[in-house]
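Position 1 is the first residue of the sequence, and the numbers go up from there. Keep in mind it's a predicted model, so treat the numbers as computed, not measured.
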Amino acid sequence: MRISPELRRKLISVAVVSTALLTAAPASVAVAQEPASRPAAVPAAQTEAAPGVQAERLIVGYKSGASEAKSNKAAAADAATKADKTGEDVDFQRRLGTGAALVELGSDPTRASVSDVVAAYQADPQVAYVVPDRLNKPTAVTPNDTEYSKQWDLFESTAGMNVPAAWDTTTGSGVTVAVIDTGYVAHSDLAANIVGGYDFISDTAVSVDGNGRDSNPADPGDWYNDNECGQGIPASTSSWHGTHVAGTIAAATNNGKGVAGIAYGAKISPVRVLGKCGGYDSDIIDAITWASGGTVSGVPANTNVAKVINMSLGGGGACSSATQSAINGAVNRGTSVVVAAGNENTNASSSSPANCSNVITVAATNRAGSRASYSNYGTVVDISAPGGETRTSTANGILSTLNSGTKTPSSENYTYYQGTSMATPHVAGLAALMKSANSALTPAQIESAIKANARALPGTCSGGCGAGLADAAKTVQAVKGGTSTGTTFSSTTAVAIPDNGAAIESPISVTGRSGNAPSALQVGVDITHTYRGDLVIDLIAPDGSAYRLKAAASDSADNVNTTYTVNASSEVANGTWKLRVQDTAAQDTGTLNGWKLTF
């Protein structure tokens, strides 16, 4: 398919185009893809306002009471008003599943014209946010499966994820995992576990399959030529990325062939959002909404609602309000969202959706249990899992289902890949095992248990690799048959956080408990702040002992809305606990909306 210069500009001129979260193995297996350089992180306020950002499309979120949030006609009329006001082309395209509007700005807008339109929307009191529609990219047992011995990532004692011992309890039955990725290319070692998905790619230049959205998530290939996806970007063969990810999660097992899946009793719903040169935020937002059981206009209701979403993809910059809204909606519907930290060997705070709230962000480890050389790191990382590293040996990568076609589908095969894209499905598979073992678990409890039951990295990590290396058997055992709810004590009193000022404290009085606090005390925190990297957060026990929950960091994303896990087993449970929050830098303020302790 030939792409016109106008469409090519449209694909590459979106806010930030980041590197793939996948790197293929070398030699005869696959050709390695070297990550391209990426612009530095943009502070959240600038990303939301998008001054000077060049984009062809914008996502406009309206406040809940606005007529434009409920009516296509009203949203279209508002776009026409903004066009009249700015003298620019502003065309309403559709409403996303979150209620936001997607508007197109013409074939080749300038930075100045984009800024004019953004300013017009920002000045509207009915508008909650306006963000660019960015382009994202893919990130690269004792069963009788013939290739199982090569899956060190599942069973090796040094740096494997201790998966086989979890299978004594559960194999993931009853759980659907949505793989939001490049779609699915037919593979006999995976077919038995594939259920209905959807193709959410609306732009035919990206979709390659000749049409827009439809119910067929088949992967036609995502190859591209030199410079087709940006000046200086070399050609690439088709990755079949979504099929590799899906095989790690749920390849058929004990079928006498191929590889074993971590949650081989679970089902995979392939949800296609990535095509030639990547995929847009707007399509990914609708995919998150639909996969988790939300409603998307023009798309049939999902009959295979996922309780786990895997997103081995990402782009640069702060987590946008539009993407965060979709993630929050999914989590509120009871779906865990697992995302890749990124492959740029930099702080994951500059990668989205890795830096979004309410997600489980996964870094990659190598066969020795150290952080893989390419893996992102930092305080936004929640957990690490095997992602492989093929510099010294292809066999040190992650083996999974693939296809031999360099452009279009050919014969099925198995290939070693490396990347945080490969680490992420390990944790998504673990989440499916947990949900199968205890269906009442909430996304927050799944994240908390994964972190609480991780083991220390066998190797080294500089920069921060989360709670450690995920341990499937220990985690599943911890949640098996357990209750999904504990005793919760909370504070809903809002406390202002002064800019670059003294620490504030919010107390919670705990009574009626016996003995000490648990080794996995859950601390839920809800803070509104325009630059969360400024914040230092500590839990203060009744005896005055301080437990650091969050350190200050270069993290430009908004807000802290997450659950931390603290080993407080040395502390008496009853007494007054406090949450201490301090803003350590100038120019941004916030509010502690509330917090809670769950024993």
Side-chain angles (χ1 to χ4, degrees), residues 41-49 129 318-319 321 324 328 347-350 355-358 361 377-382 444 448 451 463-464 466-467 488-511 517 521-568 570-599:
V42 180
Q46 293 185 27
T47 301
E48 295 295 292
Y129 59 81
C319 178
S321 300
Q324 187 65 67
N328 290 347
N347 197 305
S349 63
S350 61
N355 55 18
C356 293
S357 300
N358 281 340
T361 299
Y377 50 82
T379 58
V380 302
V381 171
D382 295 300
S448 178
K451 293 192 288 189
T488 299
F489 300 84
S490 61
S491 170
T492 58
T493 302
V495 183
I497 303 170
D499 184 29
N500 196 20
I504 58 98
E505 292 184 344
S506 174
I508 289 178
S509 178
V510 175
T511 60
L521 177 64
Q522 297 176 40
V523 187
V525 179
D526 179 6
I527 294 175
T528 300
H529 196 276
T530 50
Y531 195 96
R532 69 185 181 199
D534 292 351
L535 298 178
V536 175
I537 306 174
D538 293 293
L539 176 68
I540 309 301
D543 68 355
S545 300
Y547 294 83
R548 178 59 50 87
L549 305 180
K550 180 188 177 302
S554 178
D555 183 354
S556 62
D558 293 347
N559 309 333
V560 178
N561 191 343
T562 191
T563 299
Y564 299 96
T565 301
V566 173
N567 183 353
S570 63
E571 305 291 342
V572 175
N574 288 335
T576 300
W577 296 74
K578 298 176 183 178
L579 191 74
R580 179 182 295 162
V581 184
Q582 183 175 15
D583 185 324
T584 61
Q587 298 183 350
D588 293 271
T589 59
T591 302
L592 171 61
N593 302 307
W595 67 292
K596 60 185 178 181
L597 293 170
T598 301
F599 289 82

query = Just wondering, do K451 and T563 contact through their side chains at under 4.5 Å, heavy atoms?
reply = no
inquiry  = Test side-chain contact (heavy atoms from CB on, under 4.5 Å) on K550 and T379; report intermediate values, then the result.
reply    = CA-CA 8 Å; K550 180 188 177 302; T379 58; 5.5 Å; no
request  = May I have the step-by-step check of side-chain contact (heavy atoms from CB on, under 4.5 Å) for V495 and W595, ending in yes or no?
outcome  = CA-CA 11 Å; V495 183; W595 67 292; over 6 Å; no
Nearest heavy-atom neighbours spanning P498 and A496 = CD-O, 3.5 Å
query = Taking atom OG1 of T589 and atom CG of N500, what is their separation to the nearest 0.5 Å?
reply = 12.0 Å
ask   = Atom CG of D588 and atom CZ of R532: how far apart are they, to the nearest 0.5 Å?
value = 13.0 Å
inquiry  = Ignoring hydrogens, what is the shortest heavy-atom contact between G501 and Q582? Give both atom names and the distance.
reply    = O-NE2, 3.1 Å
message = So W577 and I540, do their side chains get closer than 4.5 Å, heavy atoms only?
response = no
note = Taking every heavy atom of V380 against every heavy atom of A348, the minimum-distance pair comes out as CG2-CB, 3.4 Å
query = At what distance, to the nearest 0.5 angstrom, does CD of E505 lie from CG of L592?
reply = 11.0 Å
ask   = Quick one: OG on S490 to CG on D526, what's the gap to the nearest 0.5 Å?
value = 11.5 Å
ask   = Are L539 and L597 side-chain neighbours, meaning at least one heavy-atom pair lies under 4.5 Å?
value = yes
key: For D538, all residues meeting salt bridge (charged side-chain N to carboxylate O under 4.0 Å, His left out), sequence neighbours excluded   = R548
request  = Any chance you could measure Y564, atom OH, to D382, atom CG, to the nearest 0.5 Å?
outcome  = 9.5 Å
query = Taking all non-hydrogen atoms of both residues, which atom of N559 and which atom of T528 are closest, and how far apart?
reply = OD1-CA, 3.4 Å
request  = Give a yes or no answer on whether the side chain of Q324 reaches the backbone of S357 with a donor-acceptor pair at less than 3.5 Å.
outcome  = yes
inquiry  = Give me the atom names and distance for the closest heavy-atom approach of S506 to S491.
reply    = OG-OG, 3.5 Å
query = Shortest non-hydrogen contact from V536 to A551?
reply = CG2-C, 4.4 Å
Side chain to side chain, D583 and H529, heavy atoms closer than 4.5 Å = yes
request  = Report the distance from atom CD1 of I508 to atom OG1 of T576, rounding to the nearest 0.5 Å.
outcome  = 10.0 Å
task = Decide yes or no for L521 and Y547: does some side-chain heavy atom of the first lie under 4.5 Å from some side-chain heavy atom of the second?
result = no
inquiry  = With heavy-atom distances below 4.5 Å as the criterion, would you say the side chains of N574 and P542 are in contact?
reply    = no
task = Give the C-alpha distance, both sets of side-chain angles, the deciding distance and a yes or no for side-chain contact (heavy atoms from CB on, under 4.5 Å) between T584 and L535.
result = CA-CA 6 Å; T584 61; L535 298 178; over 6 Å; no
ask   = Hey, mind stepping through L549 and L579 against side-chain contact (heavy atoms from CB on, under 4.5 Å) and telling me if it holds?
value = CA-CA 10 Å; L549 305 180; L579 191 74; 3.8 Å; yes
ask   = Only one of I537, D558, T562 forms a side-chain contact (heavy atoms from CB on, under 4.5 Å) with I527, so which one is it?
value = I537
